[in-house]
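Shown next, in structure tokens, is the structure this report addresses.
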Amino acid sequence: MMAAAAPPPASWTWADQLSSWRFWALLIAYVLVDVFSGAARGSVLLDLRISSGLSLAELGNTRQVGAVSALLCLPLAWLAIKWKPLLAMVLLAALTFCGLLVVMQEGLPLWGMSIGWALHGLAGGALVFILPAVIAGGRGGAEAYLIPFGIVATLGFAGGTLSNGLAGVSYDLWEMRSVPYLAAVAVLVSAALLLTLPAQMFAGPPPERGYALTPRSRPPLQVALLFLVPFYGLYWLYRVHGEVAAVAPSRALMSPRGALLGGIFIPFLWLFAVASLAEVLQRKYQENGLPAPPSVLGTSLWALFLPPVAAALLQSRLNRLVPVPQPAE
């Protein structure tokens, strides 16, 4: 008599989360980091403006270093989620604290303040990404929340910076009253885009994706060298998503079109795409009894620092799964 299959593990509900201390600890940590870091930035800048005699432009330049470093928060937060989230949060909190200590030093040169703001912006920003991601991870996985949330937040930061520049340009070219008109047009465009969405939004199952491309075997070194050719990386990203889907179908992969659009409009999405490809290929290797390929984290690090090497590694793994054409009889 066959034993009954074990029931799947229960998922956390929002009630379970709100009934546990871990939820409240993460939430309080998030509020403390987010609110007090902002207050510290304002107070330090005001104190430096009064005591150091620096101009507003000089102080603004040092602060912009931290703002630019904040754009790198999402890849750092993602690596922390893939590694050891709790330890990573502690380390990032320590680095954020060190960054604040640096900028609070009296008589610090501009380059020193810039380093402090960069450290604070990078570590503190990553921490602000990770904390809500871990909270949401009790329901659907931290990574599944972090990537969409991080994309929206990062693009929101970039959009806010761009809007300030557009407002300044419009004021110089026309007059201040033109800015509300530009905002009104933007609202109308947003409404038109929203009207194209289905009423259920993300409720219910996702649509089926059956689009795949015929796998091709390519020399890995050739792929790495062709990455130096403009736009080849986007073409390869499109092809490899469709080809991997043909040999190892998985909902963890983006569609070829989604990968292409992401590569064009969200440059740092490359890192996540490489990791998902590596994970899917790794599982396929295990199913086929092939030797385990290099770690997903190692491939992701190559993707972060040397994208052509990461592409060559992935192409090499895909080549072993491409069906060998049989000679005609």
Side-chain angles (χ1 to χ4, degrees), residues 68-83 118 122 126 129 143 146-148 150-151 154-155 158 211-250 252-286 288 290-324:
V68 172
S69 67
L71 292 174
L72 303 175
C73 293
L74 181 55
L76 178 60
W78 176 78
L79 288 173
I81 287 291
K82 298 290 286 186
W83 181 50
L122 182 62
F129 275 156
E143 186 180 13
L146 174 67
I147 293 177
I151 289 173
T154 305
L155 293 183
Y211 184 57
L213 299 172
T214 303
R216 298 178 184 174
S217 181
R218 304 175 181 86
L221 180 59
Q222 181 184 30
V223 170
L225 293 176
L226 284 174
F227 255 65
L228 302 176
V229 178
F231 304 114
Y232 178 81
L234 291 173
Y235 167 77
W236 182 85
L237 194 64
Y238 172 85
R239 287 290 315 184
V240 77
H241 274 83
E243 293 177 21
V244 172
V247 298
S250 172
L253 291 175
M254 291 184 290
S255 66
R257 183 174 61 181
L260 178 62
L261 293 175
I264 294 173
F265 297 108
I266 311 172
F268 54 81
L269 195 68
W270 157 258
L271 177 64
F272 312 135
V274 167
S276 64
L277 287 166
E279 289 176 344
V280 169
L281 289 173
Q282 188 177 61
R283 286 196 295 268
K284 189 64 176 179
Y285 268 51
Q286 292 173 350
N288 292 0
L290 297 173
S295 69
V296 174
L297 181 58
T299 308
S300 302
L301 291 175
W302 281 117
L304 183 61
F305 296 107
L306 284 174
V309 175
L313 291 173
L314 290 176
Q315 185 64 57
S316 175
R317 297 171 203 175
L318 175 60
N319 289 347
R320 298 193 64 181
L321 299 176
V322 175
V324 178

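Only a predicted model underlies this, so the values are computations on that prediction, with no experimental measurement involved.
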Identify the two heavy atoms, one from [X] and one from [Y], that lie closest to each other, and give their separation to 0.1 Å.
X: A275; Y: V296; value: O-CG1, 3.8 Å
X: L281; Y: L314; value: CD1-O, 4.0 Å
X: S276; Y: A252; value: CB-O, 3.6 Å
X: A310; Y: V274; value: CB-CG1, 4.4 Å
X: R216; Y: N319; value: O-OD1, 3.9 Å
X: R218; Y: Y232; value: CD-OH, 4.2 Å

To the nearest 0.5 Å, what is the distance between [atom1] ([X]) and [atom2] ([Y])?
X: M254; Y: L237; atom1: CE; atom2: CG; answer: 6.0 Å
X: S255; Y: L261; atom1: OG; atom2: CG; answer: 8.0 Å
X: E279; Y: S250; atom1: CD; atom2: OG; answer: 9.0 Å
X: L253; Y: E243; atom1: CG; atom2: CD; answer: 12.0 Å
X: L260; Y: F265; atom1: CG; atom2: CZ; answer: 9.0 Å

Side-chain donor/acceptor of R239 to backbone N/O of T214, under 3.5 Å: yes
Expected output: side-chain S316 to main-chain L313 donor-acceptor under 3.5 Å: no
Report yes if the side chains of [X] and [Y] come closer than 4.5 Å at any heavy-atom pair, otherwise no.
X: T299; Y: R317; value: yes
X: R320; Y: P291; value: yes
X: W302; Y: P294; value: no
X: L79; Y: L304; value: yes
X: L213; Y: Y238; value: yes
X: L318; Y: V244; value: yes
X: W236; Y: V223; value: yes

Near-ring test W270/F227, centroid separation under 6.0 angstrom: yes
